[in-house]
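Both counts, for ligands and for their atoms, begin at 1 and track the order of listing. For this chain, numbers begin at 1 and follow the sequence in order.
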Amino acid sequence: SDGNASRQWTINDFEIGKPLGKGKFGNVYLAREKQSKFVVALKVLFKSQLQHSNVEHQLRREIEIQAHLRHPNILRLYGFFYDKEKVYLILEYAARGELYKELVASSHFDERTSASYILSLARALHYCHTKHVIHRDIKPENLLVGLNGELKISDFGWSVHAPSNRRKTLCGTLDYLPPEMVEGKEHSTTVDNWSLGVLTYEFLFGGPPFEAPDHQDTYKRIVRVDLRFPNTPEVSAEAKAFIRKLLVKDASRRLPLPEVENDPWIRANADPEL
Ligand SMILES: O=C(O)Cn1ncc2ncnc(NCCc3cnc(NC(=O)Nc4cccc(Cl)c4)s3)c21
């Protein structure tokens with residue numbers, strides 16, 4: 001309930017468990033709130049590093065945005081607290097960790113698994129877009145898996161309100177960015193539609209579509225929409241047709257997210273229980 005979100009937590013309210021992951025700004029630990037015995041993930045961020053990288057405003061925006069998002073496929077940010085040198089994010093615990101590890105372990109997903117994940121993602125992103133929130137950083141590392149295999153979009157550290165021309169300092173990979181963002185132009189919610197297409201390709205083929213030895217080559221392949229499909233693994237024509245509906249240079253012509261569930265490939269392959 002929101003009653004808890006606003007109370008002042010301290011680190012002494014939690015028992016800290018095993019580290020779940022190591023990040024650029026700090027680590028994530030399994031933790032349990034002592035009174036309620038509620039299990040969470042606790043991300044510990046060092047203020048010094050946040051200040052050094054000048055991202056405090058981004059963190060504040062993330063906390064603000066996440067406070068208003070409630071969806072089964074969006075990882076909850078229950079609240080935060082801080083002490084002299086650290087900021088702590090109280091996060092929903094995703095018991096099966098990063099989807100990325102499963103993708104690497106199996107090299108690629110089959111069409112039913114891929115379509116089911118993509119449908120969940122489309123619904124979560126459409127929910128964000130109805131609240132004028134663009135995630136902007138949809139990639140396997142930001143997708144977590146819950147106890148029952150359900151997908152959770154996480155890390156709204158790069159999200160903004162639409163429309164935006166806020167530069168995404170291209171420190172990370174360009175692979176998931178649409179042409180309008182790599183070109184630094186104004187962009188809107190449909191940047192996430194593009195990323196959904198990149199992700200579909202990566203689930204099915206094991207790597208992103210515009211991968212290249214260096215930034216410049218990736219940049220060129222994205223702005224030219226230089227999309228090629230390898231002959232292996234074997235992928236259906238319907239899957240390729242679905243990807244082509246999202247990887248469209250003209251942002252206004254990308255498949256709208258509410259129409260994803262009516263796509264023939266999604267209908268034929270996504271788990272109807274979703
Ligand atoms: O820990 C792992 O590696 C994987 N793992 N495994 C299970 C699990 N369950 C829950 N969460 C996990 N990880 C944290 C996911 C995040 C959610 N939201 C974030 N936000 C953020 O980092 N914001 C942020 C940071 C620094 C600067 C700025 Cl500007 C913004 S990180 C889990």
Would you mind reporting whether Leu246 and Val198 have side-chain heavy atoms less than 4.5 Å apart?
no
Pull out every atom of ligand 1 sitting under 4.0 Å from any heavy atom of Gly97, numbered as shown with elements.
6 (N), 7 (C)
Name the closest protein heavy atom to atom 22 (O) of ligand 1, giving the residue it belongs to and the distance to 0.1 Å.
Lys43 NZ, 3.1 Å
For ligand 1, which atoms have a heavy atom of Glu98 less than 4.0 angstrom away?
3 (O)
among protein heavy atoms, the one nearest atom 9 (N) of ligand 1 is Ala94 N, 3.0 Å
Partner of Leu121 under side chain to side chain contact (heavy atoms under 4.5 Å, CB included), chosen from Asn73, Leu257, Leu143
Leu143
Counting heavy atoms under 4.0 Å, the part of Ala41 that contacts ligand 1 is side chain
In terms of atom number and element, which parts of ligand 1 are under 4.0 angstrom from non-hydrogen atoms of Glu92?
9 (N), 10 (C)
Under a 4.0 angstrom heavy-atom cut-off, which atoms of ligand 1 come close to Leu50?
27 (C)
Looking at atom 16 (C) of ligand 1, what's its closest protein heavy atom, distance included?
Leu91 CD1, 3.8 Å
What atoms of ligand 1 come closer than 4.0 angstrom to any heavy atom of Gln58?
29 (Cl)
Close side-chain approach of Pro209 and Leu247, heavy atoms under 4.5 Å
yes
Among Tyr29, Phe81, Phe38, Tyr88, find the one that has a ring-ring contact (aromatic ring centres under 6.0 Å, His included) with Phe14.
Phe81
Nearest protein heavy-atom contact for atom 23 (N) of ligand 1: which residue, which atom, what distance?
Glu62 OE1, 2.6 Å
Looking at Ile63, Val40, Leu59, Leu42, the heavy atom closest to atom 28 (C) of ligand 1 belongs to Leu59
Below a 4.0 angstrom heavy-atom separation, can you tell me which part of Leu20, side chain or backbone, both or neither, approaches ligand 1?
both
Between Lys249 and Glu183, does any NZ, NE, NH1 or NH2 come within less than 4.0 Å of an OD or OE carboxylate oxygen?
yes
Starting from atom 25 (C) of ligand 1, locate the nearest protein heavy atom and write down its residue, its atom name and how far away it is, to 0.1 Å.
Leu45 CD2, 3.8 Å
Are Lys152 and Glu92 within salt-bridge range, i.e. N to O under 4.0 Å?
yes
Atom 12 (C) of ligand 1 sits nearest the protein heavy atom Leu144 CD1, 3.7 Å
side-chain hydrogen bond (donor to acceptor under 3.5 Å, both in side chains) pairs touching residues 192-207, sequence neighbours excluded, are His129-Asp192, Tyr176-Glu202
Should we say atom CZ of Phe46 is surrounded by more than 12 heavy atoms from elsewhere, each under 6.0 Å from it?
no
Which segment of Lys22 sits under 4.0 Å of ligand 1 when only heavy atoms are counted
neither
With a 4.0 Å cut-off on N to O distance, would you call Arg221 and Glu211 a salt bridge?
no
Nearest non-hydrogen protein atom to atom 15 (C) of ligand 1, with distance, is Ser154 OG, 3.8 Å
May I ask you to identify, for Val28, whether its side chain, its backbone, both or neither come under 4.0 Å of ligand 1 on a heavy-atom basis?
side chain
What pairs with Asp263 under salt bridge (charged side-chain N to carboxylate O under 4.0 Å, His left out), at least two apart in sequence or on another chain?
Lys245
Determine whether the aromatic ring centres of residues Phe203 and His108 are separated by less than 6.0 angstrom.
no
